[in-house]
Amino acid sequence: MADYDYDVLVIGAGPGGYVAAIRAAQLGLKTACAEGRATLGGTCLNVGCIPSKAMLHASEYFEAAAGGAMAAMGIKVKPELDLGAMHGQRKDAVKGLTGGIEFLFKKNKIDWLKGYARFTSADTVDVAGKSYRAKNIIIATGSSVTPLAGVEVDNDKQIIVDSTGALELAKVPGHMVVIGGGVIGLELGSVWRRLGAKVTCVEFLDQILPGMDADVRKEANKIFKKQGIEFKLKTKVTKAEVKGKKAVLTLEPAAGGAAETLEADVVLVSIGRKPNTDGLALDKAGLTTNQRGQIEIDHDFRTAVNGIWAIGDVVPGPMLAHKAEDEGIACAENIAGQTGIVNHDVIPSVVYTWPEIAGVGLTEEQAKEKGEVKVGKFPMLANSRAKTNHEPDGFVKVIADARTDRVLGVWCIASVAGTMIAQAAQAMEFGATSEDIAYTCHAHPTHSEAIKEAAMAVTGKPIHI
Ligand code: FAD
Ligand code: NAI
């Protein structure tokens with residue numbers, strides 16, 4: 001250790017990096033974390049998960065009051081939007097949580113190296129002009145917005161924005177065009193639609209939410225349309241020009257054909273995210289990236305260079321905060337000589353719209369490619385709690401292996417699908433069969449009973465349909 005400054009030096013303090021640093025320190029390793037942003041917490045806490053959920057939660061209340069859902073339950077109110085205060089509570093949430101990480105760093109005696117790290121060799125990095133040598137370096141630099149050719153983002157002008165700009169809009173746009181019908185487009189499009197914007201979503205593929213179960217994608221599209229989002233599927237944006245206070249977009253059919261134009265007050269570019277490796281000088285460490293710009297790792301999060309590890313959005317796999325966190329814990333444990341494992345087959349994903357959309361494991365299409373399956377479905381309309389709460393949209397779907405009955409995937413659209421999916425992930429982690437879920441006693445009346453009923457439907461015996 002004598003000539004090393006640290007046992008572990010983590011680059012990036014997002015949910016992957018800060019969690020890895022805390023676990024390494026808990027395990028008795030001398031730890032530092034380099035972060036160039038003014039606050040800790042990465043994309044997730046500063047401009048991602050947390051601020052978007054703050055706006056989703058607040059706008060959900062606004063719409064419940066303005067859109068008649070509260071009136072339907074006998075609560076008559078005329079809401080008035082105070083957008084400044086709504087942004088204020090978003091900023092408070094971010095401040096509280098990022099400050100919390102700083103507290104945890106101090107508590108665990110983790111040195112925060114303020115600045116962007118750059119490799120100078122395989123075990124040394126430069127941060128703000130100072131050189132640090134570490135036995136182990138974890139790259140956790142995350143991701144940033146994928147740019148779209150011909151559409152230049154300028155968050156300050158608030159006309160063509162990315163997700164960071166879309167969280168900060170000073171007024172509700174008249175017409176917002178969302179480019180990309182993925183998670184960000186639908187979550188942030190929902191925020192501004194609820195607050196009064198007309199929202200048009202332009203998606204290159206023939207359906208929204210790629211990667212999710214086909215039934216879920218179709219049903220979600222129907223629900224968002226019913227809520228008033230207009231979709232232009234199989235369409236690409238080839239150009240966006242700012243003219244005064246508006247943007248004029250040129251759209252073309254994805255397969256080619258006649259162009260049309262579309263005017264918008266705000267355009268949100270949300271066509272995906274790319275790994276952050278620029279500026280790291282990976283070549284100095286002897287590392288390269290794959291064709292998708294990611295750093296390849298093995299099962300233990302080791303890169304091709306001894307002593308360098310990588311986790312989170314910068315490595316292959318879903319770009320999700322909880323995946324990054326679990327990898328951070330497992331990676332630190334491996335460095336400490338323990339056995340840190342992440343089961344990448346059981347990573348839940350959630351879209352925090354209304355209703356929420358959640359899934360874990362294989363889609364029905366993926367499961368069918370692997371063998372014969374049995375599928376059980378249960379509509380939320382037949383779930384007593386959802387029905388009583390005026391939340392009839394959605395369903396739960398359980399996909400099981402036809403031969404062993406082992407659960408391969410669970411998908412839900414429901415007001416609290418993000419909470420419901422945890423039990424499905426846990427069941428799958430324990431190798432549950434659909435029968436195991438069907439014979440587990442679920443509290444009544446809860447939305448989660450729909451998971452039990454969908455599991456019962458796998459063998460054709462749900463009670464309430
Ligand atoms: P990041 O959180 O991106 O953190 C990386 C950090 O590294 C950054 O702070 C960056 O400044 C720093 N860094 C980069 N290069 C260097 C360097 N050279 N030196 C020092 N520091 C460096 N995921 C969910 O699971 N749930 C959600 O609800 C959710 N909502 C999202 C909403 C939005 C709008 C966005 C954009 C993303 C959302 N995500 C969500 C995705 C989630 O934010 C990411 O998957 C997660 O933050 C990845 O964690 P990470 O630690 O790998 O990287
Ligand atoms: P995404 O990958 O979810 O969706 C991008 C969409 O844009 C896709 O549907 C794609 O087909 C479409 N697209 C690509 N190029 C296009 C083009 N030229 N024109 C029109 N459409 C085009 O990416 P998104 O929404 O930007 O989110 C990035 C990442 O952030 C996601 O991978 C997600 O994991 C993460 N995230 C997670 C959240 C959550 O867990 N709730 C919330 C927000 C983001």
Side-chain angles (χ1 to χ4, degrees), residues 1-36 40-42 44 101 104-113 115-127 130-143 275-277 280-282 284-289 294-317 320-344 347:
M1 176 70 199
D3 52 350
Y4 287 109
D5 298 297
Y6 295 103
D7 294 313
V8 179
L9 191 156
V10 186
I11 307 179
Y18 85 72
V19 166
I22 291 173
R23 177 57 109 224
Q26 285 173 340
L27 293 170
L29 300 169
K30 190 176 181 215
T31 306
C33 182
E35 173 57 63
L40 301 171
C44 173
I101 308 300
L104 290 173
F105 268 25
K106 283 188 186 134
K107 182 180 161 208
N108 288 286
K109 302 192 172 39
I110 298 163
D111 290 342
W112 173 6
L113 311 177
Y116 288 95
R118 179 173 55 82
F119 281 98
T120 50
S121 77
D123 64 3
T124 309
V125 296
D126 177 282
V127 184
K130 273 190 85 177
S131 186
Y132 301 92
R133 188 159 177 244
K135 234 184 206 170
N136 296 280
I137 298 178
I138 304 177
I139 303 173
T141 46
S143 63
N276 286 334
T277 54
L280 268 178
L282 288 179
K284 294 279 194 327
L287 277 173
T288 51
T289 54
Q294 299 155 327
I295 298 175
E296 292 281 350
I297 46 164
D298 68 7
H299 188 65
D300 298 329
F301 312 101
R302 288 173 208 277
T303 67
V305 175
N306 197 23
I308 306 184
W309 313 67
I311 55 169
D313 280 9
V314 80
V315 304
L320 296 172
H322 41 282
K323 178 245 186 201
E325 287 192 36
D326 286 7
E327 289 182 345
I329 291 173
C331 181
E333 289 176 349
N334 288 333
I335 290 173
Q338 301 184 351
T339 307
I341 295 171
V342 176
N343 179 2
H344 285 99
I347 307 252

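The figures that follow rest on heavy atoms only: side chains count, while hydrogens, waters and symmetry mates do not.
- Take E333 and apply the side-chain hydrogen bond (donor to acceptor under 3.5 Å, both in side chains) test, not counting sequence neighbours, and it matches R23.
- Between T141 atom OG1 and L282 atom CG the span is 8.0 Å, to the nearest 0.5 Å.
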**Message:** Checking F105 against D111 for the side chain to side chain contact (heavy atoms under 4.5 Å, CB included) test, could you report, in this order, the C-alpha distance in whole Å, the side-chain angles of both residues, the deciding distance, and whether it holds?
**Reply:** CA-CA 7 Å; F105 268 25; D111 290 342; over 6 Å; no
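- With sequence neighbours excluded, the residues forming a side-chain hydrogen bond (donor to acceptor under 3.5 Å, both in side chains) with S121 are D123, T124, listed by chain and number.
- Inter-residue side-chain proximity for K135 and L29 is flagged as unmet; no heavy-atom pair is nearer than 4.5 Å.
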Show me, pair by pair, the donor-acceptor contacts under 3.5 angstrom made by side chains of residues 8-15, not counting sequence neighbours?
none

**Chi angles and distances behind the side chain to side chain contact (heavy atoms under 4.5 Å, CB included) call for L113, Y6** = CA-CA 12 Å; L113 311 177; Y6 295 103; 4.0 Å; yes
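- In terms of heavy atoms, T31 sits closest to A25 at OG1-N, 3.6 Å.
- Contact record, I138 with A20: CD1-CB, 4.0 Å, taken as the closest heavy-atom pair.
- The nearest pair of heavy atoms linking A122 to I137 is O-CD1, 4.1 Å.
- Heavy-atom contacts from other residues, nucleotides or ligands closer than 6.0 Å to CG of D298 number more than 12.
- A 4.5 Å side-chain heavy-atom check between V342 and I347 finds at least one atom pair inside the cut-off.
- Atom CH2 of W309 sits about 8.5 Å away from atom CG of N306, to the nearest 0.5 Å.
- Considering all non-hydrogen atoms of both residues, D313 and P275 come closest at O-CB, 4.1 Å.
- Looking only at side-chain heavy atoms (C-beta outward), T120 and K284 stay at 4.5 Å or farther from each other.
- For E327, the salt bridge (charged side-chain N to carboxylate O under 4.0 Å, His left out) partners are K323, not counting sequence neighbours.
- Atom CG of L287 and atom CZ of F119 lie 6.5 Å apart (nearest 0.5 Å).
- Scanning both residues, C331 and I311, for their nearest heavy atoms gives CB-CG2, 3.8 Å.
- A distance of 9.0 Å separates CD1 of I341 from CZ of F301, quoted to the nearest 0.5 Å.
- Under a 3.5 Å cut-off, the side chain of D5 and the backbone N or O of A134 do not form any donor-acceptor pair.
- Here the closest non-hydrogen pair linking E35 and W112 is O-NE1, 3.2 Å.
- Residues passing the salt bridge (charged side-chain N to carboxylate O under 4.0 Å, His left out) test with D326: none are found, sequence neighbours excluded.
- For the atom pair CD1 of I101 and SG of C44, the computed distance is 9.0 Å after rounding to the nearest 0.5 Å.
- Once rounded to the nearest 0.5 Å, the distance linking CG of N334 with CZ of R302 reads 7.0 Å.
- For A310, the side-chain contact (heavy atoms from CB on, under 4.5 Å) partners two or more places apart in sequence, or in a different chain, are I139, I295, I297, T303, V314, V315.
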